[in-house]
Amino acid sequence: MAIDVFRPLRWLLGLFSLDIGIDLGTANTLVNVRNKGIVLNEPSWVAIQKKTKEVVAVGQQAKEIAGRTPSNIIAIRPLRDGVISEFEITEAMLEYFIGKAHEHSLVPIPSPRVVIGIPSGVTEVEKRAVYDAALAAGAREVYLIEEPTAAALGAGLPIGEPRGSMIVDIGGGTTEVAVFSMGGIVLSRSLRVAGDEMDQDIVAYARNKYNLLIGERMAEKAKIAIGSAYPLWEEKTFTLRGRNLVTGLPESVEVSSIEIREALSNSVNVVVAAIKDAIDETPPEIIADLMEIGICMAGGGSLLQGLTERLTEELKIRVWLADDPMTCVARGAGRILEDYDILKPLLVGLERGSTAR
Ligand code: ADP
Ligand code: MG
């Protein structure tokens, strides 16, 4: 067996360089620092001064003030539907998060190497935007990886092997479905129905059924507390608070998990249909593999109660939840730099004519 004489050297170098994997999600951004793990996990929110565009808060703090901001401040999510819609604000957010990750390195290294996830099927311009934002935020080198690939790596799926595997990543803005074999994506689907849409479903339900106007954050709380995709062992209730649209006065309404399930059913059905569609197009050999290892789910939306049961029943294939599903993309992105020589084929390039490699 060959002895790796460079190993101690690489270890030493590792102490002085900063490698980070970033999951720039529509809902949450996670930063994974090599040898440290996930050092940051915060909502992708930024609060800015309306006039000067000066950033007043980022992450958790910004999300908390959303919907309650004074008129001169607005809280925004710079990513919508998985892609950057507000370039400068995304850049400011990344800069802040990368800066925070720096606090975890032994010596003040100015610029890290960064692997960052992008949704599958985004345009060249959208890819460039992520790449440029990371560079502008202070990265020395930037590599891009498709989020489903990073999620599958983070979930420990055997994507480098000839046998097939499948991941469903339900985030805030998008649901991504991808089938892998031999280290490549055989087919993928990306749809703009995910966690945010489910929150909107609950807002609409409360308005239509109870004339109750509730905020998105209240809707999200109800979804996380009692939302489901399959009948629960014990149905529960939740108190929605908002404003009655008829009287204009504050009001509380107690809703049951059965009602919330009904509210969410449209979005859940769309997600189920998209996965069925993908399975329809999957080559039969790979279907046989899936019947063995099942379909893996990742992303915050996959935590919706009863979703794995519902999918397993409808798809006739076992559907399981990855370990720690909300950190899969960040963990997978981080793994690339650990095993760069082996894993680099998984990275995606930018087209010629751009400044990227
Ligand atoms: P993104 O990759 O877009 O940033 P995440 O993977 O972080 O998204 O997932 C965020 C979404 O997951 C949000 O819509 C959030 O409401 C939803 N979510 C988080 N926890 C739960 C839960 N326990 N049940 C249902 N949805 C959840
Ligand atoms: Mg995500």
Side-chain angles (χ1 to χ4, degrees), residues 21-32 38 40-46 59-60 62-63 66 77-85 90 93-94 97 116-122 130 145-155 167-178 188 190-203 215-230 232 236 238 257 260-261 263-264 267-268 271 296-311 321-333:
I22 298 182
D23 171 6
L24 181 63
T26 41
N28 298 294
T29 298
L30 285 78
V31 177
N32 180 7
I38 310 245
L40 183 144
N41 180 353
E42 293 201 40
S44 309
W45 283 82
V46 181
Q60 190 61 46
K63 185 177 181 182
R77 296 172 64 178
L79 294 117
R80 281 278 158 189
D81 300 331
V83 298
I84 294 181
S85 61
T90 304
M93 186 174 83
L94 268 179
F97 288 149
I116 189 161
I118 49 162
S120 64
V122 298
V130 175
I145 183 169
E146 289 192 283
E147 275 168 12
T149 310
L153 258 186
I167 191 123
V168 177
D169 176 355
I170 308 178
T174 55
T175 294
E176 310 234 2
V177 184
S188 68
S190 174
L191 58 147
R192 300 190 166 188
V193 175
D196 294 343
E197 186 85 8
M198 295 180 192
D199 301 344
Q200 289 305 327
D201 286 343
I202 296 176
V203 171
E216 276 174 36
R217 306 246 359 240
M218 174 61 65
E220 186 186 25
K221 278 188 191 143
K223 174 186 72 178
I224 292 175
I226 65 164
S228 61
Y230 201 76
L232 301 174
K236 301 171 218 166
F238 184 90
S257 47
I260 298 297
R261 187 158 61 244
L264 299 178
S267 297
V268 171
V271 171
C296 177
M297 283 217 293
S302 67
L303 291 168
L304 183 70
Q305 292 180 69
L307 190 55
T308 51
E309 288 89 330
R310 165 85 189 270
L311 288 168
L321 209 54
D323 274 345
D324 204 359
M326 292 181 81
T327 63
C328 286
V329 172
R331 285 186 289 125

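Residue indices begin at 1 and follow the sequence shown. Ligands are counted one by one from 1 in listed order, and the atoms in each one are counted from 1 as well. Worth saying up front: this structure is predicted, and the values here are computed from it rather than measured.
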Identified side chain to side chain contact (heavy atoms under 4.5 Å, CB included) partner of Phe97 from the options Leu30, Ile22, Val31: Val31
Would you mind listing each N/O atom of ligand 1 next to any protein N/O under 3.5 Å, plus the distance?
from: ligand 1; atom 1: 3 (O); to: Thr26; atom 2: N; distance (Å): 3.2
from: ligand 1; atom 1: 3 (O); to: Thr26; atom 2: OG1; distance (Å): 2.6
from: ligand 1; atom 1: 3 (O); to: Ala27; atom 2: N; distance (Å): 3.4
from: ligand 1; atom 1: 3 (O); to: Gly172; atom 2: N; distance (Å): 2.8
from: ligand 1; atom 1: 4 (O); to: Thr26; atom 2: N; distance (Å): 3.3
from: ligand 1; atom 1: 4 (O); to: Ala27; atom 2: N; distance (Å): 2.8
from: ligand 1; atom 1: 4 (O); to: Asn28; atom 2: N; distance (Å): 2.7
from: ligand 1; atom 1: 4 (O); to: Asn28; atom 2: O; distance (Å): 3.3
from: ligand 1; atom 1: 6 (O); to: Gly300; atom 2: N; distance (Å): 2.9
from: ligand 1; atom 1: 7 (O); to: Asn28; atom 2: ND2; distance (Å): 2.8
from: ligand 1; atom 1: 8 (O); to: Gly172; atom 2: N; distance (Å): 3.1
from: ligand 1; atom 1: 9 (O); to: Gly300; atom 2: N; distance (Å): 3.2
from: ligand 1; atom 1: 12 (O); to: Gly301; atom 2: N; distance (Å): 3.2
from: ligand 1; atom 1: 14 (O); to: Lys223; atom 2: NZ; distance (Å): 3.2
from: ligand 1; atom 1: 16 (O); to: Glu220; atom 2: OE2; distance (Å): 2.6
from: ligand 1; atom 1: 16 (O); to: Lys223; atom 2: NZ; distance (Å): 2.7
from: ligand 1; atom 1: 18 (N); to: Gly300; atom 2: O; distance (Å): 3.3

Set of residues satisfying salt bridge (charged side-chain N to carboxylate O under 4.0 Å, His left out) with respect to Glu42, sequence neighbours excluded: Lys100
Residue pair Lys223 / Asp199, side-chain heavy-atom distance below 4.5 Å: yes
Ser228-Ser257 side chain donor-acceptor pair, cut-off 3.5 Å: no
Heavy-atom check, side chain of Leu191 versus side chain of Thr174, under 4.5 Å: no
Salt bridge Glu220-Lys63, side-chain N to carboxylate O under 4.0 Å: yes
